[in-house]
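In what follows, chains are A, B, ... by sequence order, proteins preceding strands, each numbered from 1. Bear in mind the structure is a predicted one, so any value in this text is a computation, not a measurement.
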Number of protein chains: 2
Amino acid sequence: MSKSRIEQKEQTRRAIIDAAISQLSAEQSFAGLSLREVTRQAGIAPTSFYRHFKDMEELGLTLVDECGLALRQIMRKARKQFEEGGSVIITSVKIFMEITETSPNIFRLLFHERSGTMRALRTAVDREIQYFIVELTDYVQSIGYDKVSAYAQAEAMVAIVFNAGAELLAAKASQRKEIEKRAIMQLRYIATGAHTLHIAKSKI
Amino acid sequence: MSKSRIEQKEQTRRAIIDAAISQLSAEQSFAGLSLREVTRQAGIAPTSFYRHFKDMEELGLTLVDECGLALRQIMRKARKQFEEGGSVIITSVKIFMEITETSPNIFRLLFHERSGTMRALRTAVDREIQYFIVELTDYVQSIGYDKVSAYAQAEAMVAIVFNAGAELLAAKASQRKEIEKRAIMQLRYIATGAHTLHIAKSKI
DNA sequence: ATTTTCAGCGTACACTTGTACGCACAAAGT
DNA sequence: ACTTTGTGCGTACAAGTGTACGCTGAAAAT
C-alpha cells in the first residue's frame, strides 16, 4: 500500500502542476500565481516547493511543455483524420475548438503567456506555435507553393485559428458554432486567395 | 509662475499616467504594476494616488482610452491617405507599423491586456479593436460584399495586422521589412480569396 | 542492522503591497 | 480678512510574498 519514494515524489509533483493549472483562469495568469497559494492547494508546505522546482519560472516552463504535448497530440490527430480524406481546414478547426472546450485552462496559458511577462515562457510558447506553423508550411509547400508563400499562408492560418480560439474562451455556448463557421470561412479566403494569386502568377 | 490648482492637478495626473506607461514593458504588464512604484516614479506619495484615481483599475481604463485615441488617429490618417488614392491594405499596414515603432509601450498595453487578467481592461481593449473591425467591415461592405462575409474579412485582416504588430514588437530592425511584406501578402490572400469566392458564388 | 538520503515541515525574517487616518498649507471662494 | 476646499505628505498597520535554515522520519543503500 505504501508508495515507493520516486512514486511519492512524482505524485506531489503532479499535485503542484495540477494546482497551478487549476488556478489559472481568465482572471489570473501564470505571473499572478503565488508559490504559497499553489503549494497550499497542492497540500504541501511552501518550502517543499523547492524540492521539485528551482522557482516559479521552472514550473511555468513545465506547464508550457505540457501544453505543447497536448498541442502535438492534436496535430497528430488532425493529420490522421486528414489522411483519411478529410479537409485540412475543417478538421484542424474542429479539433482546435475541441480542446478549448475540453481544457480551457491549458489553452489559456498559451494565450496569456504568448504576450506574458516572463521571457522564458514567451519564447517557450512561441516555440510551440512555431512548431504548428512549420508543420503547416510543410504541407502547403507539398501542394506546390514556394516556401515564402507557404509560410505566409501557414502563419496567417494559425493566427486566424488562435484568434478564433481566444474568442471561444470568452464566448457563450450559443456563439460557438458561429465562430467556428467564420473561422472556416476565413481560412478558405486565405487558401483560395493564395491559389488564385498563384495561378495568376504562373500565367505570366 | 505659480500654477493654478487645476493645472497643478492635471500635471501630477499626467505624471502618474506617464509613469505607468513608462513602466510597461515586455517584462511588465499592467497587472504587474504596483501603485507604490508608479507613485514613486511620478514623484508623489503613495497615498496621493487616490486623489486622482479610485484604484489601479481606473488608471488602467484611462490608459486604454489613451490607446484608443491613438488608434483612432491612426485610422483617420489611414482613411485620408486612402481617399487620396492609396491602397487600403498597404496604407493600413504601413501606418500600423509606424505606431509600433513610435510608441511601443502604448501598443504593448493593447496586446497584453487583450488577454490580460483584469476584465474591465479586457473589455475596453476589445471595444477598441471592435471599433477597428466595424470600420473595416463597413468599407468592405460598401464594395459589394454581404455583411457576414465583410465581417469575416475584416476580422481576419485585423487579426493578421495585430499578429504582425506583435511580431514587430519582438523583432529586430532588420526583420521589420520582411514582416511588413508578409503581412501585406497575407492581407492580399484574404482580399482576393474573398473576391474569388464571391465571383464563383454569383455565377451560380 | 546501520547508515545515508532526501521529501516534507515549521519557524523565522526581511520585504513589498494597498490603504486608512489625520495634518499641513496654499489656492479659491466669500 | 476669513473660511472653505482639497492636493499632497507622513505615519502606521495588516496581510501577503519568497526563501533560508534546521529538523524529522521513513525509504533506500550499505
- Task: Could you tell me the separation between the CZ atom of A:F49 and the C1' atom of D:dT17, rounded to a whole number of Å?
- Result: 14 Å
- Item | Nucleotide D:dG18, atom P - distance to CD1 of A:I44 in whole Å | 13 Å
- Query: Whole Å only: how far is the CG atom of A:D55 from the P atom of D:dT19?
  - Reply: 7 Å
- Query: Under 4.0 angstrom, heavy atoms only, what part of the nucleic acid is A:Y50 near: base, sugar-phosphate, or nothing?
  - Reply: base
- Would you kindly compare B:I6 and B:S34 by the position of their nearest DNA chain C nucleotide and give the one closer to the 5′ end? B:S34
- Taking for B:P46 and for B:R5 the nucleotide of DNA chain D with the nearest heavy atom, the one nearer the 5' end belongs to B:R5
- Query: NZ of A:K9 versus P of C:dC9: gap in Å, rounded?
  - Reply: 14 Å
- A:F107-A:F96 aromatic ring centre distance below 6.0 Å: yes
- The answer to which of B:K54 and A:T12 contacts DNA chain C further toward the 5' end, by nearest nucleotide, is A:T12
- May I have the distance from A:E37 (atom CD) to D:dG16 (atom P), rounded to whole angstrom? 9 Å
- Quick one: A:L33 CG to D:dG18 C1', roughly how many Å, whole number? 14 Å
- Task: Indicate, with a heavy-atom threshold strictly under 4.0 Å, whether A:R40 touches base, sugar-phosphate, or nothing.
- Result: sugar-phosphate
- Query: A:R51 side chain: which of D:dG8, D:dA28, D:dC23 is closest?
  - Reply: D:dC23
- Tightest non-hydrogen contact, residues B:V64 and B:V125, listed as CG1-N, 4.0 Å
- Hey, are B:T196 and A:T192 close enough side-chain-wise for a donor-acceptor pair under 3.5 Å? no
- Do B:E58 and B:R13 meet the salt-bridge criterion of a basic N to acidic O distance under 4.0 Å? no
- Item | Nucleotide C:dG8, atom C1' - distance to CD of A:E7 in whole Å | 18 Å
- Query: Below 3.5 Å, does any donor atom in the side chain of A:T47 face an acceptor in the base of C:dG8, or the other way round?
  - Reply: no
- Message: From NE2 of A:H52 over to C1' of D:dG18, roughly how many Å is that when rounded to an integer?
- Response: 17 Å
- Establish whether the base of D:dG18 is bridged to the side chain of A:R36 by a donor-acceptor pair shorter than 3.5 Å. yes
- Query: Heavy atoms under 4.0 Å, any strand shown: does B:S48 hit a base, just sugar-phosphate, or nothing?
  - Reply: base
- Would you check if there is a donor-acceptor pair between the side chains of A:S149 and A:Q153 at a distance under 3.5 Å? yes
- Item | Given D:dG8, C:dG18, C:dT17, the nucleotide with the shortest approach to the side chain of B:L35 | C:dG18
